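Working notes for the structure below.
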Amino acid sequence: MREVAETAARGGPLLVNAATGAGKTVATIAPLLEHAVRADHKILYLVRTHSQEIQVLHEARAISHRLDRPILAVGLQGRARRCFLLENVAEMKGATAEEHGKLCADRKRATERALKGEAPVAPPAELPEDGEIDLTDLDGCPYYARVVQSDLEALIERFSEQLPAPHEFEKYSRDENLCAYELSKRLVPSAHLVTAPYAFFFHPHIRRSLLDWMRVAPDRVDLVVDEAHNLPNHLRELATVALPQESVRRARQEIADRGDFQLPDGPSASRFLDIVGAAVEELIHALAREDDAVLPPGVFEDALLTAIGGTSHRFDTWLGALATWGENLREERRRERHLPRSWVHTVALTLLSWPQLEAPAYVKVATRLPRPALEAYSLDASAAARPILDCHLSVHLSGTLAPLAEYRDALGLGERARLLDVPSPFPAEHRRYLYDPSVTTRFEELRTDPRAIARIADRVAEVIQALPVKTAVFFPSFDLMQKVLEAGLQSQLPANAFIEYSKIPMGDLWRSIEAWKSAPGSSVLVGVAGGRLAEGIDYPDEELEAVVLVGIPYPRPTAKREALREYVDAQTGKGWEYTVEAPAERAILQALGRMIRSEHDRGIAIVLDKRAPKFAHALPGLTEMGDLAATARQFYGRRPRWSRPAPRPPSPEGPPDAAVGPHNE
Ligand code: SF4
């Protein structure tokens, strides 16, 4: 709290690495609220997940109850979550924020005209509660009309007293037929604290709107980034430009549906797109044998110019013509009250920007996964992070932010940034770190030793048999997980074990995991480090008391990863350390840290890999496993064990998707 208070007075970035459950959120919000009220600043708290948002608003509510004056905290979410009018419209599935924003703007204008009595058509009073509705049936928006007509002062007073959690706010809005999105926007100018997903601040257009709604200049914003270890990758993805094969195919189809036309002194639009599609496909096919491959400089541009037979100047003229045609189509669709989308427009803009996305900040790759595409992958997170430095201060929080200097350098936060590594406040005797030097998932050994996988399966089975508590087993990849299950582990799991297959929808996963957590007695959970069970879900108390990590979860060795390593090496001389070892360490700590979330939690964490001592600095007291049954008896006391089960039938979920999740070294 003292560090945050000093940062509030001084300004600039503060980077905090502190264990989950240590109180980072409250220790940040309390002094910042005091400062924001005194200095007339606003706190913008960026979150990555819905559960973080709930946590922040929960802490704000607790602080507010201790103050003599109410504070208003507002949680923002995108329209996709909060638009009640269009949530059942089939056409909206997959709409971008920009497309949704245009549709919403038209309906708001129609509503305002209707409310002023200028438009003949009043907004529809009622909408079907369930089922799909046709977008073209809708003119105004009744939910917006209710917001415009509501008593804003009374609502501000109500929400300042109650500080509702996001789901409570959404329920109130729905019950009152108020648009939750527009209502939260109108509350924001009066709020001391605003939570929002990362994109609200880092997407340039949305940031401008957000600061307008908040009615502050950046130098009066006190910024907090939660789960900040995700931010560098988030920013790289944001700046990355992709040309998926599927987008070109849809653009070609759009031309076929609407009628072909001639580009100025050039080929027809359909022939142009055929050539683009063929060049994309050929490069992916020729180069990307594994996940992805680096494109030689200029190879895509050369392939297009050779096939079309033009100059780059004429090429740009044709792209300009396609972009204009696409823009007209978007407007036409908008006038017809359809989703304002044109694939031709998207493809033309991507191709126009392509030559500017050059080394060293970008690497161009052909990718097979997650979808066939050409990509200009952004290696530099610092350009998109620049707006952070315009804020009065920024506090970056995570339980796995170390090495802090890497985060600072990746975002270009400069030497002014203060680095704060807070030791774990939890009793050291509540946690044992062990490792097994008899196995490894090292690529070379798995490749050359035909018995290696079966040995891992046997070892995992022995280990979980010795642990009389709820245990999670995390693998470095779905691919290896499946191989080890098939090599004999599956038949040795208890009947109530839960296995995380990558294709389980999120809702089903949550329900299954809640059922697993609340089931009495010991059991086993099998998943992937870096996957949904190993990050983002908490298992307090006896919901999880042991974690077994099979191997070291090094990031997948893709062409993009290698280019990033070289880029970081050129910048800092620490390419391997920052882009390979640091992500592996974070994935280890995220996975092993699942079971210790408060001072009451206890557990044994085991790394089944002889390379574990490399990460000993992050795993205090790491020792060889030795007699695990004896250690477990001593640590947990005597507890009943699950009995060996009958062989399990194959999962109805089908085999996991080998492409998802991190990868073995
Ligand atoms: S005003 Fe709200 S409910 Fe209406 S279209 Fe816009 S986002 Fe949707």
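Numbering of ligands and ligand atoms starts at 1, following listing order. This is a predicted model, so every value here is computed, not measured.
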**Request:** Measure the CD1-CH2 distance between Ile255 and Trp325 for me, rounded to the nearest 0.5 Å.
**Result:** 4.0 Å
**Stepwise ring-ring contact (aromatic ring centres under 6.0 Å, His included) check, His229 with Tyr407** = CA-CA 7 Å; His229 62 275; Tyr407 179 88; 9.1 Å; no
**Request:** Would you check if the distance from the ring center of His35 to the ring center of His392 is below 6.0 Å?
**Result:** yes
**Request:** Carefully, step by step, assess Glu157 and Glu161 under the rule side-chain contact (heavy atoms from CB on, under 4.5 Å).
**Result:** CA-CA 6 Å; Glu157 201 173 318; Glu161 274 165 22; 4.1 Å; yes
**Message:** Could you tell me if Arg174 sits above the aromatic ring of Phe84, with its cationic atom closer than 6.0 Å to the ring centre and no more than 45 degrees from the axis?
**Reply:** yes
**Request:** Pull up every protein N/O/S atom sitting under 2.8 Å from atom 8 (Fe) of ligand 1, skipping waters.
**Result:** Cys83 SG
**Request:** Please report the C-alpha distance between Tyr172 and Phe159 in whole Å, then the side-chain angles of each, then the deciding distance to 0.1 Å, and finally whether the ring-ring contact (aromatic ring centres under 6.0 Å, His included) criterion is met.
**Result:** CA-CA 11 Å; Tyr172 174 83; Phe159 292 130; 5.5 Å; yes
